[in-house]
Amino acid sequence: CCRSPIPNTQPRDSSHVRCAAMVDMQRAVLELEAWVRERGGAICPDVAVRSGVGFEAAVRGAFAAESGLELGTDICRLPLRALITEALAEEQLPFGEAMRGAAEQFQPQSAGLILLASFLLWDGALDAARGTCDGRRHAESAFRPYYAALNADLSHLPSSWPAGDPVHSCLKGTRLERLVKAKRHALGLEFALLQSCAPELDATLDHYLWARGTVSSRAYALTVGGRPQRCLVPWADLLNHGTDRDSLATYSFVQEGPGSGCFLMRSGGCGVAPQLEVLQSYGAGKSNATLLLDYGFALAPGAQLGEAMATVSVRGPEVATPPPTDWEASAAVREEVGTKSMLWRAARRQPKGAVSLDVTRSSSGALLPLLRVVTASVDDLALLARRNVARADDVTEPISEASERRALRELQAVLTAALARIPVSEPDVARADGLAEREWEPEVRRACAMVSEEERSVLGFYMDLAGHALDVLDGAHGSVARDAWLSALPSAPRAHATGYLEGLTLEVASCDAEQKK
């Protein structure tokens with residue numbers, strides 16, 4: 001289900017080469033459709049696969065005919081024998097059982113995807129996608145027509161970017177940069193696992209990255225034979241991602257008996273208007289960062305997306321409070337830091353380093369509680385002890401006015417540092433190394449710029465919130481600027497900010513009265 005360009009390594013002005021590649025791909029799709037029918041499947045005659053939009057019109061998509069599609073129209077129906085399921089992969093791979101056991105111990109949530117990726121490599125899928133046949137034992141796989149219609153080049157996926165690829169600079173300082181590095185590392189470990197289970201398999205890490213990228217961007221989560229499985233569904237995975245719930249296709253696996261059944265996809269909502277693209281959902285509530293990480297694209301502002309996230313780094317108490325030179329003062333500080341560290345450890349936080357926290361505009365998680373503990377005074381800690389607070393994450397309300405001011409100023413400091421790590425993106429700037437851009441690069445750079453800007457907007461939201469909160473503590477209970485800021489926010493962030501600001505004065509007054517007692 002990946003929005004990826006038709007593979008093309010020629011210069012950008014070689015239009016005749018690009019047209020030839022598109023003709024070859026269209027031929028592969030027609031052969032795939034014939035194969036689906038040969039295996040007992042069906043594809044709606046009022047749906048055609050052709051070039052769509054994005055990546056310079058080199059993206060495939062399924063489009064409704066002039067008659068459109070009514071609600072409940074069968075878009076495609078594929079029997080079980082046309083699907084590549086986890087069970088099939090485990091059964092046919094000579095090392096399938098060993099691979100399943102090792103994958104479930106190593107990374108159980110991805111075991112099905114690892115099995116499918118291993119099966120693609122073993123079954124010669126990459127050779128078929130490239131249009132080559134080097135005499136491998138599995139070059140004439142029963143799924144060869146499906147493989148031939150796959151994208152052989154997935155270099156636009158972030159997990160495929162080599163360490164020195166200049167496109168990494170587009171994500172500098174972002175949360176997504178950290179996720180890309182983590183995913184690339186995890187995929188390297190998966191490949192090592194494959195090598196240990198199948199040392200005779202002639203595959204490289206790049207081969208595995210292609211196979212894993214293919215299944216990660218295409219596999220469906222279905223219940224087959226009463227068992228949840230990740231499955232590859234030929235042709236159906238050509239449909240692109242959409243967010244309009246009223247027009248998305250729906251799908252399920254229909255069990256027809258032991259060992260039999262079919263994958264059924266139908267038009268949903270209000271159907272599909274004439275000539276419009278037939279879309280499906282890759283998962284409700286996915287953010288642009290997730291879409292870029294897993295599929296290599298992002299959606300323009302205004303689409304129905306999951307909330308953007310940003311990462312804020314909070315220094316632990318043993319880093320944030322350096323010991324004074326005076327011995328008596330040092331002993332008191334050590335006791336204070338020890339109490340703070342105890343609260344952090346009870347919350348399973350490491351007090352000796354920095355903690356990275358993911359926040360959205362509607363939820364700050366443990367951000368303020370940790371900052372309140374880090375900036376707490378001796379009196380604040382004594383008050384927490386009287387409240388029987390045992391974990392740093394449990395400090396969900398202000399300790400005192402002075403404490404909340406310190407926490408908010410520290411929040412502004414960590415936000416300033418986080419914003420400084422994310423430079424303002426310039427997606428249209430040419431590559432610094434002077435080399436020609438790859439066909440997918442401009443679109444991916446724009447996607448990276450969107451994700452970076454979304455992260456900056458999350459950090460900016462909390463910077464604004466901290467400023468308005470300090471104004472409230474200064475006695476500015478009514479503010480035209482604050483009201484305008486709140487009214488401009490989407491509903492969930494507005495509720496989050498309003499709840500904090502409206503309760504701030506009352507909570508601080510209550511805390512100060514408690515402290516005086």
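Values reported hereafter were calculated over all heavy atoms of this structure, with side chains retained and with hydrogens, waters and symmetry mates removed.
In this structure, the separation between CZ on R184 and CG on L189 is 12.0 Å, given to the nearest 0.5 Å. Atoms OG1 and CG, on T174 and L179 in that order, are 8.0 Å from each other to the nearest 0.5 Å. Distance check, rounded to the nearest 0.5 Å: SG of C231 to CG of D237 gives 12.0 Å. Distance check, rounded to the nearest 0.5 Å: CG of L88 to CZ of F119 gives 5.0 Å. Within the model, atoms CZ of F191 and OG of S118 stand 10.0 Å from one another, a figure rounded to the nearest 0.5 Å. For the atom pair CG of L248 and OG of S281, the computed distance is 6.0 Å after rounding to the nearest 0.5 Å.
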Under 3.5 Å, sequence neighbours excluded: what are the donor-acceptor pairs made by side chains of residues 254-262?
unit_1: Q255; atom_1: OE1; unit_2: G225; atom_2: N; d: 2.7
unit_1: Q255; atom_1: NE2; unit_2: G257; atom_2: O; d: 3.0
unit_1: Q255; atom_1: NE2; unit_2: S260; atom_2: O; d: 2.9
unit_1: S260; atom_1: OG; unit_2: G257; atom_2: N; d: 3.4
unit_1: S260; atom_1: OG; unit_2: G257; atom_2: O; d: 3.4

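Comment: R446 engages E443 in a salt bridge, judged by a side-chain N to carboxylate O separation of less than 4.0 angstrom.
Within a 6.0 Å radius of CD in Q195, other residues, nucleotides and ligands contribute more than 12 heavy atoms. The neighbour count for K183 NZ, taken as heavy atoms of other residues, nucleotides or ligands under 6.0 Å away, is above 12. Open room surrounds CZ on R348; 12 or fewer heavy atoms of other groups in view lie less than 6.0 Å from it. Around the CD atom of E66, the shell of radius 6.0 Å holds no more than 12 heavy atoms that belong to other residues, nucleotides or ligands. In this structure, E70 places its CD atom where only 12 or fewer heavy-atom neighbours from other residues, nucleotides or ligands lie under 6.0 Å away.
A donor-acceptor contact closer than 3.5 angstrom is absent between the side chains of T204 and D206. Side-chain atoms of T311 and R178 form a donor-acceptor pair, as typed in the model, at a separation below 3.5 Å.
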Test log, rule ring-ring contact (aromatic ring centres under 6.0 Å, His included), inputs W485 and F461: CA-CA 10 Å; W485 175 69; F461 165 82; 5.6 Å; yes
Go through it in stages, so that I can follow the logic: the residues are D153 and R438, the test is salt bridge (charged side-chain N to carboxylate O under 4.0 Å, His left out), and I'd like the CA-CA distance, side-chain angles, deciding distance and then a yes or no. CA-CA 11 Å; D153 181 7; R438 291 150 291 190; over 6 Å; no
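Partners of L80 by side-chain contact (heavy atoms from CB on, under 4.5 Å), not counting sequence neighbours, listed by chain and number: T85, V224, F253. Take R175 and apply the salt bridge (charged side-chain N to carboxylate O under 4.0 Å, His left out) test, not counting sequence neighbours, and it matches D358. Residues passing the ring-ring contact (aromatic ring centres under 6.0 Å, His included) test with Y146: none are found, sequence neighbours excluded. With sequence neighbours left out, W161 forms a side chain to side chain donor-acceptor pair (under 3.5 Å) with no residue at all. Taking E200 as the reference, F95, A198 meet the side-chain contact (heavy atoms from CB on, under 4.5 Å) condition, with sequence neighbours excluded. With sequence neighbours excluded, the residues forming a salt bridge (charged side-chain N to carboxylate O under 4.0 Å, His left out) with E190 are R212, listed by chain and number. The salt bridge (charged side-chain N to carboxylate O under 4.0 Å, His left out) search around R266 returns D74, not counting sequence neighbours. For S487, there are no side-chain contact (heavy atoms from CB on, under 4.5 Å) partners at least two apart in sequence or on another chain. A search for side-chain contact (heavy atoms from CB on, under 4.5 Å) contacts involving L71 returns nothing, not counting sequence neighbours. Legend: residues meeting salt bridge (charged side-chain N to carboxylate O under 4.0 Å, His left out) with K286, ordered by chain and number and at least two apart, are absent.
Exactly one residue among I75, V47, T250 makes a side chain to side chain contact (heavy atoms under 4.5 Å, CB included) with S267. That residue is I75.
At a threshold of 4.5 Å between non-hydrogen side-chain atoms, the residues Q107 and L113 do not count as touching.
Heavy atoms only, all atoms of each residue included: L154 and T214 are closest at CD1-OG1, 3.4 Å. Among all heavy-atom pairs drawn from A447 and A298, the shortest one is CB-CB, 3.7 Å.
Not a single donor-acceptor pair under 3.5 Å links the side chain of D46 to the backbone N or O of A64.
Residue pairs meeting the salt bridge (charged side-chain N to carboxylate O under 4.0 Å, His left out) criterion with at least one partner in residues 31-41, sequence neighbours excluded, do not occur; the list is empty.
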